[in-house]
Amino acid sequence: MTTLRTPGPTLGVVGGGQLGRMLAEAAAPLGVELIVLDPTPECPASLVARDQIVADFDEETAIHELAERADALTFEIELADQDALDRVEAETGVPIHPKPATLELIHDKLVQKRELRAAEIPVPEFRRVDDADDLRAAIDDLGAPLMLKARTGGYDGRGNVPVASTDEADEAVEAVAGPAMAEEFVDYARELSVIAVKGDGETATFPVTETIHREEILRESVAPARADDELQERAHEAALVVLESMEGRGTYGIEMFETTDGEILLNEIAPRPHNSGHWTIEGAVASQFEQHVRAVLGWPLGATDLRGPTVSANLLADVDEPAPAALSGVDRILSEPRGHLHWYGKSEARPLRKMGHVTVCGATDESSDELLDRGRKLRDAVSFATDDQR
Ligand code: ADP
C-alpha cells in the first residue's frame with residue numbers, strides 16, 4: 001500500500017532537458033519531487049525541479065549523490081552511462097528504471113535492429129557497414145536508394161545519409177565517419193509511433209500517433225493516427241511485443257513505418273518519454289510523463305484514453321545561427337481556444353533546436369485534417385525573430 005508523506009518521494013533524473021522539465025511538471029500533482037543531473041546550469045528541467053546537480057551525465061560520483069538523495073532513479077537522455085548507472089544501483093540499492101541495460105540496446109542502431117529481428121519483430125532490411133566496400137555490397141543486396149546510418153550518436157536525423165547509388169559510397173561513408181549500418185529505403189505511407197508504458201505487472205499503450213517528419217525531424221504529431229483500426233491494432237501489438245523485451249518499468253517511445261503495402265516495420269525505440277507523445281499532456285487522461293513517474297515508482301498506471309483528437313507541432317528555432325531565445329507572436333497561440341503553449345526555457349536558440357511545442361485539442365466533430373491545419377497555422381504564427389529584428 002502506498003502512503004504519501006510530505007515531502008513526497010524524490011525521483012532522481014539523469015538529464016534535465018525538456019523531457020525532464022515535463023516530467024517534473026507531471027510529478028508535482030502526485031507529490032513527487034525531482035532532482036535532475038545535467039551539465040548545463042539552469043537546464044530546462046531545473047527551473048521546475050526541486051534541485052539540479054550540475055555534472056556530466058557520466059560523472060559517477062554525481063550519479064551516486066543523485067541516488068543518495070532519491071528514492072528511485074531514471075534517465076531522460078540516452079547519453080546516460082550504463083555502467084555507471086549499474087554500479088550506482090548495485091552500491092546504493094536505489095532502483096533504476098528502465099534498467100540501464102536498455103541503454104546498451106538503444107545506443108547502437110545495428111544492435112537494436114538485430115535484437116528486434118531476433119524477437120521476430122519486422123524491421124527494414126539492413127546490413128552492417130564498416131567501409132565503402134561494405135556499402136557497395138549492401139547496395140547490390142538491398143538496392144538503391146538506401147539510408148546509411150551512423151550506429152551511434154545520431155539524433156533528429158543527424159548521422160543519417162541517404163545514398164542514391166554506388167557512386168556515392170565513398171562520400172557517404174566519409175560523411176558518417178564511423179561504424180555504420182545500411183538500411184533499405186522504406187517507401188512508407190505514414191510514420192507512426194506508439195507510446196507504451198511498462199508498469200509493475202501491467203502495461204498500457206496510448207492511441208497510435210501519426211508522426212510527420214521533414215528533413216528527418218519530427219514536425220507534427222496527430223492523435224489518433226489517420227490509419228484504419230486494424231492497422232492501429234497491429235501497431236499496438238508490435239509495441240507490446242517490444243515492451244516485453246524491454247527491461248524495467250517506464251514509458252517507451254516506439255517509432256514505426258507503415259509501408260505502402262500496409263505492413264508495419266519498426267524503426268526505433270526510445271527508453272523514455274518521447275517527442276511524439278507530447279500531445280498526451282492535454283490529449284490523454286494521464287500523460288506519458290505522469291505514466292513514467294507512476295511506472296518508475298511502481299505505482300498503478302493511469303488511463304491512456306484519448307480525451308479527443310489532438311495535434312502537437314514542434315517549435316523549432318528557425319534561426320541561422322545561435323542567438324538568445326525569443327519567440328514573438330505568442331499571443332496568437334495564447335488566444336486560441338483549446339490551444340496550449342509549451343516553452344522549454346532554453347536560453348539559446350540554435351538552428352532547428354526544439355524550443356517548445358504547441359498543442360491543439362479538437363472538437364469531437366473536427367477531422368484530423370482540419371485540426372492538423374489549425375496546429376500548423378498556430379505554429380507558423382510565431383517566429384524566433386524578435387520584434388525589433390523584423
Ligand atoms: P534519429 O535517430 O536521428 O531520429 P531515425 O533513424 O529515427 O533517426 O530517422 C529519422 C527519420 O529519418 C525517420 O523518422 C524517417 O523520417 C527517416 N528515415 C529513417 N530511416 C529510414 C528508412 N530506412 N527509410 C526511409 N526513411 C527513413
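One-based numbering, in listed order, for ligands and for the atoms of each.
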Quick check: Phe185 and ligand 1, any N/O pair under 3.5 Å apart? no

What do you reckon, does Glu255 have a nitrogen or oxygen under 3.5 Å from a nitrogen or oxygen of ligand 1? no

What protein heavy atom lies closest to [atom]? Include the residue and the distance to one decimal.
{"atom": "atom 9 (O) of ligand 1", "answer": "Asn160 ND2, 3.3 Å"}
{"atom": "atom 21 (C) of ligand 1", "answer": "Phe257 CZ, 3.6 Å"}
{"atom": "atom 24 (N) of ligand 1", "answer": "Val186 N, 2.9 Å"}
{"atom": "atom 26 (N) of ligand 1", "answer": "Tyr188 CE2, 3.8 Å"}
{"atom": "atom 3 (O) of ligand 1", "answer": "Gly157 N, 2.5 Å"}
{"atom": "atom 27 (C) of ligand 1", "answer": "Met147 CE, 3.6 Å"}
{"atom": "atom 8 (O) of ligand 1", "answer": "Lys109 NZ, 3.3 Å"}

Could [X] and [Y] be called an ion pair, given the rule that one side-chain N must be under 4.0 Å from one carboxylate O?
{"X": "Glu370", "Y": "Arg374", "answer": "no"}
{"X": "Glu89", "Y": "Arg87", "answer": "no"}
{"X": "Asp86", "Y": "Lys99", "answer": "no"}
{"X": "Lys377", "Y": "Asp380", "answer": "no"}

Taking all heavy atoms of Ala55 and all of Ala62, pick out the closest pair and write down the distance. CB-CB, 3.4 Å

Using heavy atoms and a threshold below 4.0 Å, how should the contact between Asn267 and ligand 1 be classified: side chain, backbone, both, or neither? side chain

Nearest neighbour of atom 19 (C) of ligand 1 from the list Lys149, Gln112, Glu183, Glu216, on a heavy-atom basis: Lys149

Among Met181, Glu191, His213, whose heavy atom sits nearest atom 15 (C) of ligand 1? Glu191

Tell me if a side-chain donor or acceptor on Thr259 pairs with a main-chain N or O of Glu263 at a distance below 3.5 Å. yes

Please check if the distance between the ring centroids of His357 and Tyr344 is under 6.0 Å. yes

Can you find a side-chain donor-acceptor pair between Asn314 and Glu220 that sits under 3.5 Å? no

Strictly by modelled atom types, are His64 and Glu91 linked by a side-chain donor-acceptor pair under 3.5 Å? yes

Which atoms of ligand 1 have any heavy atom of Glu184 under 4.0 Å away? 22 (C), 23 (N), 24 (N)

